[in-house]
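Below you'll find the structure, written out as structure tokens, and then a few comments.
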Amino acid sequence: MTTVIDLQHYGHGSLPESFKQMLIDVHADAYADAMGDEFHQRFPWFVDHWSDMNGFTCVVAFDGDQPTGFAYGAPQQSGREWWRSTTFEPTDGHTSTYAVSEVMVRPQWRKQGISDRLHEALLKERNEDLAVLLVDVTHPRVQELYETWGYRKAGEQQPFADSPVYAVMVKRLHP
């Protein structure tokens, strides 16, 4: 059976009333085994934080009316880019950065290329020089996936005391 996935784009200031709850519900399904972890329980705070940022964009994948996954992020403030804590050196002073905060797909729809489509659609129209994301260092297969998307590990950081240690991965958006 072939599933037809529809991608819908959202941005700061034009979010439907049920948008945030939809993301929270997808997250709860995607991380059902880890929802006892306090860090994962704070996901609603992250949804509020990111969706209130100027420049926030999100792409949601739908199978019919069922949300299957999403990717979202926002531009980072100059001087506060996640890669600043690493040895990464941008070339030619090109430092404007878009942070990919989340890419997730619900278990039932995994291994169908949906995360790749979401990520590509999220970055397609970006004007920033770089994209950056964080990946839990205990998930090397996810890091390998991001490497196939053009990211390279620049270092590691732990942004919150109760968060995992993350690999900071950077991708040049405009060669």
Side-chain angles (χ1 to χ4, degrees), residues 3 5 7-10 22-47 49-51 53 56-63 66-76 81-88 90 97-124 126 128-173 175:
T3 302
I5 300 296
L7 300 181
Q8 295 185 21
H9 296 257
Y10 300 89
M22 174 180 59
L23 298 187
I24 292 165
D25 292 345
V26 170
H27 174 268
D29 189 22
Y31 287 96
D33 294 342
M35 288 308 292
D37 180 327
E38 286 184 41
F39 186 71
H40 284 290
Q41 291 173 6
R42 287 202 328 259
F43 185 71
W45 178 89
F46 287 102
V47 170
H49 172 75
W50 282 90
S51 64
M53 288 182 166
F56 168 83
T57 56
C58 180
V59 180
V60 180
F62 288 89
D63 181 356
Q66 188 72 250
T68 64
F70 61 84
Y72 71 68
Q76 291 192 302
E81 301 90 350
W82 292 337
W83 53 261
R84 295 265 181 199
S85 65
T86 72
T87 59
F88 175 76
T97 304
Y98 183 85
V100 178
S101 178
E102 297 289 346
V103 178
M104 74 178 63
V105 176
R106 295 171 65 195
Q108 180 181 342
W109 286 273
R110 290 183 183 153
K111 301 196 183 304
Q112 297 181 38
I114 295 171
S115 63
D116 186 31
R117 288 184 58 204
L118 285 165
H119 176 262
E120 184 177 315
L122 183 69
L123 296 181
K124 186 175 183 179
R126 300 310 313 170
E128 290 82 8
D129 302 312
L130 306 167
V132 64
L133 55 77
L134 304 177
V135 60
D136 186 330
V137 296
T138 64
H139 297 128
R141 290 178 53 195
V142 177
Q143 183 174 323
E144 289 170 9
L145 171 66
Y146 293 152
E147 288 171 350
T148 69
W149 295 351
Y151 288 89
R152 296 294 168 252
K153 183 177 177 179
E156 294 180 357
Q157 68 174 248
Q158 185 177 16
F160 302 96
D162 63 343
S163 75
V165 173
Y166 291 106
V168 179
M169 301 190 72
V170 181
K171 172 183 175 156
R172 186 161 307 287
L173 292 178

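The neighbour count for Asp33 CG, taken as heavy atoms of other residues, nucleotides or ligands under 6.0 Å away, does not exceed 12.
Atoms NZ and CD, from Lys171 and Glu147 in turn, are 12.5 Å apart once rounded to the nearest 0.5 Å. The CG atom of Leu145 sits 13.0 Å away from atom NE2 of His139, with the distance rounded to the nearest 0.5 Å. If you take CD on Gln76 and CZ on Arg84, they are separated by 10.0 Å, rounding to the nearest 0.5 Å. To the nearest 0.5 Å, atoms CZ (Phe70) and CG (Leu118) are separated by 9.5 Å. Here NE2 of His49 is found 3.0 Å from CE of Met53. Values are rounded to the nearest 0.5 Å. A distance of 10.0 Å separates CD of Glu81 from CZ of Phe88, quoted to the nearest 0.5 Å.
No side-chain heavy atom of Leu23 sits less than 4.5 Å from a side-chain heavy atom of Tyr10. Using a 4.5 Å heavy-atom threshold, the side chains of Met169 and Trp149 count as separate. Counting heavy atoms from C-beta outward, His27 and Phe46 have side chains that stay 4.5 Å or more apart. The closest side-chain heavy-atom distance from Pro75 to Arg126 is below 4.5 Å. Leu123 has its side chain within reach of Leu173: a pair of non-hydrogen atoms, C-beta onward, lies under 4.5 Å apart. Proximity of Leu134 to Pro159: side-chain heavy atoms (C-beta onward) are separated by under 4.5 Å at one or more points. Here the side chains of Glu102 and Trp50 are not in contact, with every heavy-atom distance at 4.5 Å or above. Looking at heavy atoms from C-beta onward, Asp29 lies in side-chain contact with Pro107 at the 4.5 angstrom threshold.
A tilted orientation is assigned to the rings of Tyr72 and Phe56, their planes being inclined by 30° to 60°.
Taking the side chain to side chain donor-acceptor pair (under 3.5 Å) definition, one finds that Thr68 meets it with nothing, sequence neighbours left out.
Side-chain atoms of Gln157 come within 3.5 Å of backbone atoms of Trp82 as a donor-acceptor pair (strictly under, hydrogens ignored). The closest donor-acceptor contact from the side chain of Arg110 to the backbone of Ala30 lies under 3.5 Å. Side-chain N or O atoms of Gln158 include one that pairs as donor or acceptor with a backbone N or O of Ser163 at under 3.5 Å.
In terms of heavy-atom proximity, Val103 sits nearest to Ala71 at CG2-CB, 4.0 Å.
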